[in-house]
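These notes concern the structure reproduced below.
One-based numbering, in listed order, for ligands and for the atoms of each. Note that the structure is predicted; figures quoted are calculated from it, not measured.
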Amino acid sequence: MLIHVVAGARPNFMKAAPLCWAAEELGVELRLIHTGQHYDKEMSQVFFDELGLPKPHKHLGVGSGTHGQVTARCLERLEEVFAQERPDWVLVVGDVNSTAAGALAAVKLHIATAHVEAGLRSFDRSMPEEINRMVTDAICDLLFVSEPAGVENLRREGHGENEIHLVGNVMIDTLERFLPAAKKRASSKKLGLEPKQYALLTLHRPSNVDSSGDLAALVEKLDWVQNKIPIFFPVHPRTRAKLKQTGHYEALSEMKNLQLADPVGYQDFLSLMTDSRVVLTDSGGIQEETTVLGIPCLTLRDNTERPITCDHGTNRLVGARGDGLASALEQVLDAPVTTGKRPDLWDGKAAVRIMKQLLAAS
Ligand code: UD1
Ligand code: UDP
């Protein structure tokens, strides 16, 4: 059996890695196809160096552009690879443009296609990821789901029970594998941060960073936060570009208790999450990782496609506008540390379940 796994953007690499390890364990031939949607060293190569990912079988170099441009380049180049090599399965992971393009290219070539992290819905169609999720799930043959809400969403959309498989969370497979090593790194100390006395921040959602008005309001909130607790902020390239265009980068760099940095590698980021007092983010994957780590997470969004992180985990939606962040942060800083409950099947074995299911279906 030959499997192609499509990966292109940062969070794809943490999801593709356990699929590669599981294929190796079960003697399945797997080829990683890198679309090149993310290409900076710290958004791509660093994860190949750290996660034991195989060298990409193909690197398609699609680069950046509008949604249409990136999706179209992925579609055209992936189609060529799939048509030449005719894998038995194509696996697409997550919800980025490379994901939707991979599914579309493979399905139209009548290649069996599966979506890993299927069924998640924010019910917010202004998010590009929501469109990618809906398009991908609508056309894939097998849907591997990480949490029960995803199963309900797929049933409601008319998918049959034979398509839907609740297998757990591949991103947590990666976390489980690297947590012991990450804890030994003590990355916070190396950055001059006191464990449990800093907030870790990431931001990259277009809804938060693309409009200069919203960005200005967020920067003002961050000024308030850094007066309460020091902030470490590894800046996503989209956000860096927007902050620079609007002059806010300089304002942030002048804040005494806010440390700006390039995006960091996976193990350093894991180490930094583990040692933080609180994580502030608009990331999808980080809501899940903090749930498993038991670290309070304040999500700067009005909705989440990962409701289990709020229902069972340590995540709270605080919105990006209004006073939600300030009041939630004060509560977190005052309250004794609370730990959430780890969701069922987030046990480090999701990718093996997926691979066994593919073998059974072939
Ligand atoms: C993408 C995904 C998003 C995911 C995020 C993870 C889509 C629609 N969006 O958002 O779901 O949460 O990745 O990080 O697929 N850039 C660089 N260097 C890079 C990559 C990007 O400079 O290596 C800059 C470019 O200016 C680019 C911009 O970031 O135009 C946005 O990149 P893009 O991949 O389109 O979207 P992300 O915001 O990264
Ligand atoms: N991450 C990382 N370095 C960073 C920020 C995040 O390695 O500087 C990891 C994080 O631990 C998680 C993944 O990147 O595994 C999340 O990716 P991102 O937030 O870019 O995308 P999303 O999950 O929102 O799609």
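Under 4.0 angstrom from ligand 2, the non-hydrogen atoms of Y266 come from both its backbone and its side chain. Residue M171 touches ligand 2 through its side chain alone, judged by heavy-atom distances below 4.0 Å. The part of R205 lying near ligand 2 is the side chain, judged by heavy-atom distances below 4.0 Å. Heavy atoms of P11 found under 4.0 angstrom from ligand 1 belong exclusively to the side chain.
Per-residue contacts place H204 under 4.0 angstrom from the following atoms of ligand 1 (heavy atoms of the residue considered): 4 (C), 5 (C), 6 (C), 12 (O). Residue contact check: S283 has heavy atoms under 4.0 Å from atoms 16 (C), 18 (P), 19 (O), 22 (P), 23 (O), 24 (O) of ligand 2. Residue E129 has at least one heavy-atom neighbour below 4.0 Å for each of these atoms of ligand 1: 3 (C), 9 (N), 11 (O). Close approach to G284 involves these atoms of ligand 2, each under 4.0 Å from a residue heavy atom: 22 (P), 23 (O), 24 (O). Close contacts of ligand 2 with M14, meaning ligand atoms under 4.0 Å from a residue heavy atom, involve 7 (O), 9 (C), 13 (C), 14 (O), 15 (O). Within ligand 2, the atoms closer than 4.0 Å to a non-hydrogen atom of F47 are 7 (O), numbered from 1 in the order shown.
Checked by distance only, ligand 2 and D282 stay at 3.5 Å or farther apart across all their nitrogen or oxygen atoms. Inclusion of Q37 in the set of residues having an N or O under 3.5 Å from an N or O of ligand 1 is warranted. For a threshold of 3.5 Å applied to N or O pairs, the pair formed by R10 and ligand 1 contains no separation below that value. Distances between N or O atoms of P263 and those of ligand 2 include no value under 3.5 Å. Ligand 2 has a nitrogen or oxygen under 3.5 angstrom from a nitrogen or oxygen of G285. In terms of polar-atom proximity, N132 is not counted as a contact of ligand 1, lacking any N or O under 3.5 Å from an N or O of the ligand. Every N/O-N/O distance between D95 and ligand 2 stays at or above 3.5 Å.
With ring centers used as reference points, F82 lies under 6.0 Å from H4.
The protein atom (non-hydrogen) at minimum distance from atom 17 (C) of ligand 1 is Y39 OH, 3.2 Å. In terms of protein heavy-atom proximity, atom 38 (O) of ligand 1 is nearest to R238 NE, 2.5 Å.
Between Y266 and F178, the ring-plane angle classifies as perpendicular under the 30° and 60° cut-offs.
Taking 4.5 Å as the limit, some side-chain heavy atom of R86 sits within range of a side-chain heavy atom of I111.
Hydrophobic cluster membership for L75: L104, V107, I139 (Ile, Leu, Val, Met, Phe, Trp, Tyr linked by side-chain heavy atoms under 4.5 Å, directly or transitively).
H204 counts as a contact of ligand 2, since one of its heavy atoms falls under 4.0 Å from the ligand. The closest approach between H67 and ligand 1 falls below 4.0 Å for a heavy atom of the residue. Residue contacts with ligand 2 do not include E42, since none of its heavy atoms lies under 4.0 Å from the ligand.
Atom 25 (O) of ligand 2 has its nearest heavy-atom neighbour, among A9, A261, P11, G94, in P11. Here the shortest heavy-atom distance to atom 2 (C) of ligand 1, taken over D95, V96, V62, belongs to V96.
F47 pairs by the ring pair (Phe, Tyr, Trp, His ring centres under 6.0 Å) definition with nothing, not counting sequence neighbours.
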